[in-house]
Amino acid sequence: MIFNSILKTAVLPVGIIAGDKKANFTTVERLMSQIDINTDLVILPELFSTGFVSDRGKMADMAEPNSGDTVAELRRLAERYNVAVAGSFLARTATSMYNRGFFIEPSGEETFYDKRHLFKISAEASMLNRGMTMPPVVRFRGWNIMPVVCYDLRFPVWCRNTGNRYDLMIVTANWPQARGYAWKHLLIARAIENQSYVIGANRGGSDSFGDYDKLSFAYDYLGRAIAETDDKNKIVSAVLDKDKLNRFREDFPVWNDSDLFNLTL
């Protein structure tokens with residue numbers, strides 16, 4: 001098992017083509033071929049393979065079980081490039097559909113999380129089922145990593161890092177430029193209040209809901225930018241240092257004074 005003080009990450013801000021899984025995977029494969037050979041974690045946007053469409057029938061046609069082609073392709077990429085791959089895809093069970101976060105390790109180990117907070121201003125909340133479990137914390141190469149999905153970011157209790165249970169929160173998203181100011185500052189706030197690295201992996205391109213380019217960011221535990229999108233669909237690489245994080249938490253242990261919450265799911 002690999003344990004790293006340094007975690008090398010890459011966000012792929014895919015310009016999603018709605019409903020075209022083949023084209024979107026072609027883009028992912030092209031970008032994956034460009035990442036640094038020592039990358040540990042690749043983060044894809046929310047619903048990276050399909051995008052979001054406001055038609056339940058089309059959504060149902062595109063949704064897949066965990067055993068489907070999308071997860072199989074993610075497993076192949078994770079193994080080929082020796083990286084963990086995270087993001088979300090359109091998932092289904094026999095009776096329901098979900099915006100399902102995934103964390104696929106190069107070993108093939110899988111962790112899933114269903115988006116809890118569905119965006120009621122859009123049709124998402126009426127077409128998909130919300131998740132009924134807390135975000136998991138994945139142990140990968142010596143790091144504790146918690147994935148959440150897009151709108152979850154707005155809810156600080158949901159993201160609370162009680163007892164420093166995670167070192168990095170990753171937020172996979174389709175967050176439009178019209179709300180870009182909020183997106184950026186919510187990422188910074190979550191990093192500061194949770195004394196954690198935070199990476200926001202946004203999609204690129206545009207669709208009927210807005211434009212998305214240049215909104216992927218990585219922040220350290222002080223809320224300082226360590227990487228951000230400076231061009232359309234350009235890979236955003238960030239190097240995270242756990243030793244520095246641990247020293248900061250020891251020197252400034254505000255997490256000891258945080259309030260406890262009991263969430264009702």
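For Ser258 against Arg160, the heavy-atom pair with the smallest separation is CB-NH1, 4.1 Å. Among all heavy-atom pairs drawn from Ala227 and Ser237, the shortest one is CB-O, 3.2 Å. Heavy atoms only, all atoms of each residue included: Pro135 and Val148 are closest at CG-CG1, 3.8 Å. In plain terms, the two heavy atoms of Ala23 and Asp20 that are nearest each other are N-OD1, 3.0 Å. Closest of all the heavy-atom pairs between Pro106 and Arg141 is CG-NH2, 3.8 Å. Of all the heavy atoms in Ala86 and Phe103, the pair that sits closest is CB-CD1, 3.9 Å.
Checked against a 6.0 Å centroid threshold, the rings of Phe119 and Tyr151 count as neighbours.
A side-chain donor-acceptor contact under 3.5 Å links Arg116 to the backbone of Gly131. Under the 3.5 Å distance criterion, the side-chain polar atoms of Trp175 are matched with a main-chain donor or acceptor of Arg179. Panel note: side chain Thr229, backbone Ser216; a donor-acceptor pair is recorded below 3.5 Å. In this structure a side-chain-to-backbone donor-acceptor pair under 3.5 Å is present from Asp213 to Gly205. One N or O on the side chain of Thr9 and one on the backbone of Ala238 form a donor-acceptor pair closer than 3.5 Å. A donor-acceptor distance shorter than 3.5 angstrom exists from the side chain of Asn194 to the backbone of Asn161, with no hydrogens or angles considered. A donor-acceptor pair under 3.5 Å links the side-chain atoms of Asp220 to the main chain of Leu222, judged by distance alone. In this structure, the side chain of Lys242 engages the main chain of Gly142 through a donor-acceptor pair within 3.5 Å. With hydrogens and angles ignored, the 3.5 Å screen pairs a side-chain donor or acceptor of Arg56 with a backbone N or O of Met127. Between the side chain of Arg203 and the backbone N or O of Ile16 there is at least one donor-acceptor pair closer than 3.5 Å.
Using a 4.0 Å cut-off between charged side-chain N and carboxylate O, Lys8 and Asp40 make no salt bridge. A salt bridge links Asp167 with Arg249: the distance from a Lys NZ or Arg NE/NH1/NH2 to an Asp or Glu carboxylate oxygen falls below 4.0 Å. Using a cut-off of 4.0 Å between Lys/Arg side-chain N and Asp/Glu carboxylate O, Arg190 and Glu193 are scored as salt-bridged. Ionic pairing of Lys115 and Asp152 is not present here: no N-O contact between side-chain nitrogen and carboxylate oxygen is shorter than 4.0 angstrom. Arg100 has no carboxylate O lying under 4.0 Å from a charged side-chain N of Glu64, or vice versa, which leaves the two without a salt bridge.
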request  = Take Glu228 and Lys234, measure what salt bridge (Lys or Arg N to Asp or Glu O under 4.0 Å) needs, and give me the verdict at the end.
outcome  = CA-CA 10 Å; Glu228 58 186 59; Lys234 186 175 180 180; over 6 Å; no
inquiry  = If you apply the rule ring pair (Phe, Tyr, Trp, His ring centres under 6.0 Å), what do you find for Tyr98 with Phe112, and how did you get there?
reply    = CA-CA 11 Å; Tyr98 298 91; Phe112 297 102; over 10 Å; no
query = Given the rule in the side-chain contact (heavy atoms from CB on, under 4.5 Å) test, do Leu263 and Val157 qualify, once you have shown the distances and angles that lead to the verdict?
reply = CA-CA 8 Å; Leu263 289 171; Val157 175; 3.5 Å; yes
query = Is there a side-chain contact (heavy atoms from CB on, under 4.5 Å) between Val14 and Val28 once you walk through the steps?
reply = CA-CA 7 Å; Val14 178; Val28 170; 3.9 Å; yes
query = Given the rule in the side-chain contact (heavy atoms from CB on, under 4.5 Å) test, do Ser208 and Phe52 qualify, once you have shown the distances and angles that lead to the verdict?
reply = CA-CA 10 Å; Ser208 59; Phe52 181 83; over 6 Å; no
task = Walk me through it: do Asn99 and Glu124 pass the test side-chain hydrogen bond (donor to acceptor under 3.5 Å, both in side chains)?
result = CA-CA 9 Å; Asn99 187 338; Glu124 181 185 44; 3.2 Å; yes
message = Between Tyr166 and Ile145, does the side-chain contact (heavy atoms from CB on, under 4.5 Å) criterion hold? Intermediate values first, please.
response = CA-CA 5 Å; Tyr166 65 82; Ile145 303 171; over 6 Å; no
request  = Step by step, work out the salt bridge (Lys or Arg N to Asp or Glu O under 4.0 Å) result for Arg80 and Glu73.
outcome  = CA-CA 10 Å; Arg80 177 179 178 183; Glu73 181 66 7; over 6 Å; no
task = Could you give me the CA-CA distance, side-chain angles and deciding distance for Ser49 and Asn24, then say whether side-chain hydrogen bond (donor to acceptor under 3.5 Å, both in side chains) is met?
result = CA-CA 5 Å; Ser49 59; Asn24 294 323; over 6 Å; no
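A distance of 11.0 Å separates OH of Tyr81 from CD1 of Ile37, quoted to the nearest 0.5 Å. To the nearest 0.5 angstrom, Asp114 atom CG is 10.5 Å from Met132 atom CE. Considering CE of Met32 and OG1 of Thr39, their distance stands at 9.0 Å, rounded to 0.5 Å. With rounding to the nearest 0.5 angstrom, the CG atom of Leu77 is 10.5 Å from the CD1 atom of Ile104. Note that CZ of Arg165 is 10.0 Å distant from CG of Asn144, once rounded to the nearest 0.5 Å. Expressed to the nearest 0.5 Å, how far CG of Asn129 lies from OG1 of Thr95 amounts to 7.0 Å.
Ile170 and Leu186 are not part of a single hydrophobic cluster, where members link through side-chain heavy atoms under 4.5 Å apart. When hydrophobic clusters are built by joining Ile, Leu, Val, Met, Phe, Trp and Tyr residues whose side-chain heavy atoms come closer than 4.5 Å, directly or via intermediates, Ile226 is grouped together with Val11. Leu31 and Leu215 fall into different hydrophobic clusters, where Ile, Leu, Val, Met, Phe, Trp and Tyr residues are linked whenever their side-chain heavy atoms come under 4.5 Å apart, directly or through other members.
Using a 4.5 Å cut-off on side-chain heavy atoms (C-beta onward), Asp241 and Ser5 make contact. Looking at Asn66 and Phe89, their side chains come closer than 4.5 Å, going by heavy atoms from C-beta outward. The shortest distance between side-chain heavy atoms of Ile6 and Leu240 does not fall below 4.5 Å. Residues Met146 and Val138 are not in side-chain contact: their nearest non-hydrogen atoms beyond the backbone lie 4.5 Å or more apart. Using a 4.5 Å heavy-atom cutoff, the side chains of Met169 and Val171 are in contact. A 4.5 Å side-chain heavy-atom check between Cys150 and Glu46 finds at least one atom pair inside the cut-off. Contact of the Phe102 side chain with the Thr111 side chain is not registered, since no non-hydrogen atoms from C-beta on lie closer than 4.5 Å. Taking 4.5 Å as the limit, every side-chain heavy atom of Leu7 sits out of range of all side-chain heavy atoms of Val239.
Counting heavy atoms of neighbouring residues, nucleotides and ligands inside a 6.0 Å radius, atom CZ of Phe261 exceeds 12 of them. Around CZ of Phe252, the count of heavy atoms belonging to other residues, nucleotides or ligands within 6.0 Å does not exceed 12.
Using the six-membered ring where Trp is involved, Tyr113 and Trp158 have ring planes that are tilted, between 30° and 60° apart.
The side-chain hydrogen bond (donor to acceptor under 3.5 Å, both in side chains) with Arg75 is formed by just one residue from the set Glu105, Glu110, Glu109; it is Glu110. For the pairing with Tyr197, the ring-ring contact (aromatic ring centres under 6.0 Å, His included) check across Tyr221, Phe248, Phe217, Tyr219 returns one residue only, Tyr221.
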